[in-house]
Amino acid sequence: MADLPGIVVTGASGRMGQMLVRTIAASGKARLVGCVERAGHGWIGQDIGVAMGGGPLGVAVTDDPLEAFARAQAVIDFTAPAATVEFAALAAQARAVHVIGTTGLEAAHLAKIEAAARHAVVVRAGNMSLGVNLLVRLTQKIAAALDEDWDVEIVEAHHRMKVDAPSGTALMLGRAAAEGRGVDLDAAMDSGRHGITGARQRGAIGIAAVRGGDIVGEHDVIFAADGERVILRHVATDRAIFARGALRAALWGQGAKPGQYDMMDVLGL
Ligand SMILES: NC(=O)C1=CN([C@@H]2O[C@H](COP(=O)(O)OP(=O)(O)OC[C@H]3O[C@@H](n4cnc5c(N)ncnc54)[C@H](OP(=O)(O)O)[C@@H]3O)[C@@H](O)[C@H]2O)C=CC1
Ligand SMILES: O=C(O)C1=N[C@H](C(=O)O)C[C@H](O)C1
């Protein structure tokens, strides 16, 4: 047991944080060695298992990430952009693999993560599930096979607490469609339509977001032509799929050279 890779979970009280704690503790493939929350959080100092309403897991929640990361071989981080940038620098300092699931990252955040990846392994993906990463590949292939008579529209749906839009997954799918077509997503993307928009622009890649209830995550990629449509769909019903992917990435990263990777690298897709 002591020779299994030690993993720290950041944002341990969050929806994904708690799922990660359960997944790692039950995996038999890694040890949970730390749980991080922000200073002042009500769970600081408590055993994470007890704080989650179960039995003790022998790991107290801390607000000192650097001390926790120094004891770990990997950090799994599903938090928020500002926190993830801070954790990227600290994980690199500790030479721990940093698995980043956080979405809503902007160019300035990505530049800091890229800098950290010069010193340590970073695995980052807007969606860590096997099914979505397969869907990304399929989207790229279909977009490459179809011309611009086929309009591409991506529709994503998530729970009412999600704070960023479009989802990280929708952006992955949009990027895959753009790559398949040989265009730049930033130039082709049309999201958040409202008012007198005019007719759809040929070649646009549309993205629309739905927010409601407890939807875990649903993504449709619609290829719509005159007289027919092809629709690719992924429906997540359990956050365990993301946690399993993140754990797989943390283990895969143990053998990798410093640099930035994604789930395609981890899954060999
Ligand atoms: N890539 C993937 O496969 C997936 C990605 N995600 C992404 O993961 C992220 C988290 O999602 P979710 O778990 O639903 O969100 P939650 O809001 O439930 O959890 C986020 C957690 O991070 C904590 N946090 C924020 N800032 C800090 C900080 N500075 N230090 C320590 N902890 C901090 C929050 O604490 P507090 O409440 O105090 O702010 C909270 O506990 C989102 O960006 C989401 O899009 C989600 C699912 C899958
Ligand atoms: O916030 C979520 O919940 C999710 N976020 C990711 C995203 O932005 O795509 C992945 C998943 O869909 C759940």
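Start at 1 and go down the list; that is how both ligands and their atoms are numbered.
Protein neighbours of ligand 1 below 4.0 Å, counting non-hydrogen atoms: Gly11, Ser13, Gly14, Arg15, Met16, Glu37, Arg38, His41, Phe78, Thr79, Ala83, Phe87, Gly101, Thr102, Thr103, Ala125, Gly126, Asn127, Met128, Lys162, Asp164, Phe242. Near ligand 2, Thr103, Gly126, Asn127, His158, His159, Lys162, Ser167, Gly168, Thr169, Val216, His219, Phe242 each place a heavy atom less than 4.0 angstrom from the ligand.
A 4.5 Å side-chain heavy-atom check between Thr102 and His109 finds every atom pair outside the cut-off. Side-chain contact between Val33 and Val59 is absent, with no heavy-atom pair separated by less than 4.5 Å. Residues Leu110 and Arg124 form a side-chain contact, since some pair of their non-hydrogen atoms from C-beta on lies under 4.5 Å apart. Counting heavy atoms from C-beta on, the side chains of Pro166 and Glu156 come closer than 4.5 Å.
Side-chain contact, Thr62 with Asp64: no donor N or O sits under 3.5 Å from an acceptor N or O. Under 3.5 Å, the side chains of Ser13 and His41 contain a donor-acceptor pair of N or O atoms.
No salt bridge links Arg118 with Glu114; every basic N to acidic carboxylate O contact stays at or beyond 4.0 Å. For Arg193 and Glu153, the salt-bridge test passes: some basic side-chain N is under 4.0 Å from an acidic carboxylate O.
At least one donor-acceptor pair under 3.5 Å links the side chain of Arg95 to the backbone N or O of Ala92.
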